[in-house]
**Q** 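Following this message is one structure expressed as structure tokens.
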There are 2 protein chains.
Amino acid sequence: MNIKDIAEICGLSVATISRVINNDPRVADSTRKKVLSVIEKHNFMPNITGRSLRTQKSNKILVLLPTMDNQFYTSIIEGIQDKAEEKNYATLVAVTNLDQTKELKYLDMLKMNHVDGCISLFNTLDPEKINQLSSKFPFVQCCEKTIGADVSNVVIDNETAVFETTSEFIKNGHKTIAFISGDYYKYSERSREAGFRRAHQQADMFLDEKLIIKHFYKYTDGADAVKYLMHLEKMPTAIVCASDSLAIGAISELKKNDYKVGKDIFVIGFDNTSITEFYNPSISSIAQPRYELGQEAFNLLHQKLINIHSTNKKIILPYKIIHRESTGY
Amino acid sequence: MNIKDIAEICGLSVATISRVINNDPRVADSTRKKVLSVIEKHNFMPNITGRSLRTQKSNKILVLLPTMDNQFYTSIIEGIQDKAEEKNYATLVAVTNLDQTKELKYLDMLKMNHVDGCISLFNTLDPEKINQLSSKFPFVQCCEKTIGADVSNVVIDNETAVFETTSEFIKNGHKTIAFISGDYYKYSERSREAGFRRAHQQADMFLDEKLIIKHFYKYTDGADAVKYLMHLEKMPTAIVCASDSLAIGAISELKKNDYKVGKDIFVIGFDNTSITEFYNPSISSIAQPRYELGQEAFNLLHQKLINIHSTNKKIILPYKIIHRESTGY
DNA sequence: ATGAAAGCGCTAACAT
DNA sequence: ATGTTAGCGCTTTCAT
């Protein structure tokens with residue numbers, strides 16, 4: 001059942017049917033009614049592939065997601081999807097699992113016009129590739145940006161977030177503070193580490209490099225980091241974690257070793273995922289405005305969708321430090 | 001830059017270029033080499049929309065995901081994706097957020113041949129619609145199936161899993177056992193509840209209906225359930241939860257009220273997500289073979305991809321009850 | 001207001 | 001081994 005069949009049934013040309021489908025006003029009301037009833041009766045749906053081939057548009061966007069294994073992304077994607085829906089775009093998610101081959105394969109969908117645009121929540125492409133891609137195709141970055149690339153993006157000020165958090169700890173008398181992070185999402189990790197270092201510099205406080213531990217974001221990585229820290233000469237009294245999962249792993253291990261988290265030692269996570277309130281102790285965390293990040297990302301993309309040559313915008317949204325039991329509240 | 005341009009540059013017909021692209025052996029080696037070098041040089045990529053329109057195939061499959069807000073789905077999708085990749089299919093994920101309008105919109109992609117097949121991790125369509133859809137398009141269900149529909153699917157034996165778990169509790173002397181569940185994923189929830197009831201029947205144990213609490217799967221739902229249970233005349237000594245999130249919410253609330261979980265009261269979750277090992281106490285859980293569920297789902301889909309009229313298969317994979325501190329281990 | 005026809009980029013049947 | 005050509009389903013320009 002295609003547009004031609006409908007045309008035959010109606011005794012009209014395909015052009016007229018197409019006009020009806022696309023709400024073209026140049027169709028007689030009576031004709032429109034008849035066509036619509038036939039379409040209805042036969043459950044006809046225009047073939048989107050044919051349409052895409054002709055219009056060079058798909059009305060779909062692609063979200064490049066590094067991993068499903070993180071609650072953090074949930075509301076970002078909701079934000080994207082809600083805004084996209086407003087503009088009549090369907091949102092498709094591709095999970096890359098930090099595998100560049102997969103990234104490239106999915107980005108081909110963009111290059112081949114199978115989707116009209118792409119929002120990357122993380123990718124491993126180098127700046128030149130990113131610049132090249134985004135100059136030709138609507139492409140924006142959200143939360144993670146490529147350092148050195150000139151692309152529309154929306155992030156929070158990761159550096160200042162950790163600077164402020166660490167400075168707070170220092171002000172409250174902590175002399176030995178650890179920083180646990182992954183070693184993959186270059187932009188956010190480096191910014192956060194930089195904030196951690198700057199807080200020490202500004203306070204004229206010596207920073208032992210052993211206190212900076214970088215692996216990955218599994219619970220075990222947080223636990224392993226604590227095991228390592230416990231072997232140091234001076235056990236830290238505060239730990240800044242680059243994710244809530246690391247904080248959970250760390251706290252879990254600390255409790256096993258009878259540390260009183262929130263008393264003997266303070267721990268803060270990152271992203272303020274919902275588990276933080278239900279862990280024991282409840283976990284302090286640096287919150288990102290996830291839903292808004294998603295919304296803004298789509299807004300940026302939409303500008304590129306309308307005009308690929310529109311200027312690249314960089315948006316910074318506010319973060320929020322939320323204290324709970326794990327930092328003594 | 002399209003196939004025609006390449007043909008012109010090479011001084012060949014588009015047919016020959018197409019043959020090279022598709023590894024058709026009927027091309028002279030020298031010609032193939034020349035064409036490949038030109039393709040390489042110009043970074044040519046065949047337009048997949050044109051190809052799809054012609055072949056009526058997209059080499060893409062769609063995964064219908066009810067929510068991103070659940071670690072449970074992570075490895076299922078990995079399983080799907082890995083198997084799909086083997087067969088040269090790209091995997092796209094669509095998040096429906098339990099919204100039927102969205103489900104239908106994404107399923108249109110299937111009907112319009114924009115994807116070749118679909119694996120549903122949950123949907124709200126009624127049996128007739130599902131039967132109709134799956135008779136025409138490759139469509140299988142994974143983890144959640146539609147009761148009354150005849151579609152290929154792969155699940156675990158939810159009924160027996162909870163029956164066995166509950167029976168264990170009863171055997172160990174528990175007289176008052178609660179069951180906390182959501183009230184949305186009809187198939188799994190009803191099966192689990194049925195298993196809970198059957199365990200009572202088989203043990204000739206009275207079951208107070210107040211002990212069955214059904215809301216949703218947020219942490220708060222687990223906490224709320226416990227608040228309610230604490231008001232009952234007889235506080236249960238064991239709680240079977242239909243998800244790990246409910247177990248976490250429940251345990252969190254129990255601890256707030258000074259219950260010793262794993263001693264005063266036993267709690268078991270469902271799905272064995274990774275947090276269970278890092279919560280305090282560690283949480284017992286009923287494990288589903290998530291990665292294998294995903295793999296089998298794709299296998300089932302692939303049979304339909306090859307032959308839409310192949311018989312519908314129903315696969316049941318084994319579950320595993322894993323005891324940790326929350327049930328006294 | 002409606003129709004005819006071209007063409008989006010590709011593949012495949014048929015021809016040479 | 002290579003080319004010619006039709007056509008996948010649709011939109012849109014140009015005619016009527």
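Keep in mind that this is a model prediction, so the values were computed, not measured. Within every chain, numbering begins at 1; the chains are lettered A, B, ... in the order of the sequence lines, protein sequences first and strands thereafter.
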**Q** Under 3.5 Å, is there a donor on one side chain and an acceptor on the other for B/Y217 and B/D69?
**A** no
**Q** Rounded to whole angstrom units, what separation is found between the CG atom of B/D5 and the P atom of C/dG9?
**A**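 Taking atom P of C/dG9 as the reference, CG of B/D5 is at 8 Å.
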**Q** For B/I17 and C/dC10, what is the distance between atoms CD1 and C1' respectively, to the nearest whole Å?
**A**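 That distance rounds to 13 Å.
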**Q** Just distance, no hydrogens or angles: give the donor-acceptor pairs under 3.5 Å from side chains in residues 118-125 of chain A, sequence neighbours left out.
**A**
| residue | atom | partner | partner atom | Å |
| --- | --- | --- | --- | --- |
| A/S120 | OG | A/F122 | N | 3.2 |
| A/S120 | OG | A/F122 | O | 3.4 |
| A/S120 | OG | A/N123 | ND2 | 2.8 |
| A/N123 | OD1 | A/L125 | N | 3.1 |
| A/T124 | OG1 | A/Q100 | NE2 | 2.9 |
| A/T124 | OG1 | A/E103 | OE1 | 2.9 |
| A/T124 | OG1 | A/E103 | OE2 | 3.3 |

**Q** With distance as the sole criterion, is a donor-acceptor pair present between the side chains of B/K83 and B/Y291 under 3.5 Å?
**A**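 On atom types as modelled, these side chains do not qualify, holding no pair under 3.5 Å.
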**Q** Ignoring hydrogens and angles, tell me if any N or O in the side chain of A/D116 forms a donor-acceptor pair with the backbone of A/I61 under 3.5 Å.
**A** no
**Q** Considering heavy-atom distances to DNA chain D, does B/T55 or B/V27 have its closest nucleotide positioned more toward the 5' end?
**A** B/V27
**Q** Counting just side-chain N and O atoms, does B/N22 come under 4.0 Å of either OP1 or OP2 of C/dT11?
**A** yes
**Q** Would you say A/R19's side chain and A/R32's backbone share a donor-acceptor pair under 3.5 angstrom?
**A**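 Absent.
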**Q** Across the strands shown, which category fits A/L12 at heavy-atom distances under 4.0 angstrom: base, sugar-phosphate, nothing?
**A**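 Here A/L12 touches the backbone only, sparing every base.
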**Q** Considering every strand and a 4.0 Å limit on heavy-atom distances, what is the contact class for A/T16: base, sugar-phosphate, or nothing?
**A** sugar-phosphate
**Q** Taking any atom under 4.0 angstrom from a heavy atom of chain B, which nucleotides of DNA chain D are the first and last to qualify, 5' to 3'?
**A** D/dA1 to D/dG9
**Q** In this structure, how many angstroms lie between the C1' atom of C/dA12 and the CD1 atom of B/I3, rounded?
**A**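 In whole Å, C/dA12 C1' lies 12 Å from B/I3 CD1.
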**Q** Nearest-Å distance, NZ (B/K4) to P (C/dC8)?
**A** 6 Å
**Q** Rounded to the Å, how far apart are B/I6 CD1 and C/dT11 C1'?
**A** 17 Å
**Q** With DNA chain C as reference, determine whether A/V14 or A/A28 sits nearer its 5' end, using the nearest nucleotide of each.
**A**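 Its nearest nucleotide being more 5', the pick is A/A28.
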**Q** Keeping the roles fixed (side chain from B/T67, backbone from B/N97), state whether a donor-acceptor pair exists under 3.5 Å.
**A**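 Checking the backbone N and O of B/N97 against the side chain of B/T67, no donor-acceptor pair under 3.5 Å is found.
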**Q** Let me know, please, whether B/G50 or B/R32 comes out on the 5' side of the other along DNA chain D by nearest nucleotide.
**A** B/R32
**Q** Flag the pair B/K314 and B/D150 as a salt bridge only when some basic side-chain nitrogen lies within less than 4.0 angstrom of an acidic carboxylate oxygen.
**A**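 B/D150 and B/K314: salt-bridged.
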**Q** Any sub-3.5 Å donor-acceptor pair from A/N2's side-chain atoms to A/K4's backbone N or O?
**A** yes
**Q** Listing time: all N or O pairs from protein to nucleotides 13-15 of chain C that are below 3.5 Å?
**A**
| residue | atom | partner | partner atom | Å |
| --- | --- | --- | --- | --- |
| C/dA13 | N6 | B/R19 | NH2 | 3.4 |

**Q** Does A/T31 have a side-chain nitrogen or oxygen under 4.0 Å from the phosphate oxygens OP1 or OP2 of C/dT2?
**A** yes
**Q** Would you give the length of the straight line joining atom SG of A/C142 to atom CD of A/Q288, rounded to the nearest 0.5 angstrom?
**A**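 Those atoms lie 8.5 Å apart.
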**Q** B/D24 has an atom CG; how far is it from atom P of C/dT11, in whole Å?
**A**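 Computing the B/D24:CG to C/dT11:P distance gives 11 Å.
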**Q** Under a 3.5 Å threshold, yes or no: a donor from one side chain and an acceptor from the other, between A/T101 and A/D99?
**A** yes
**Q** In whole Å, I'd like the distance from the CG atom of B/N47 to the C1' atom of C/dG7.
**A**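 Value for this atom pair: 13 Å.
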**Q** Specify the separation, in whole Å, of atom CZ of B/R51 and atom P of C/dA12.
**A** 9 Å
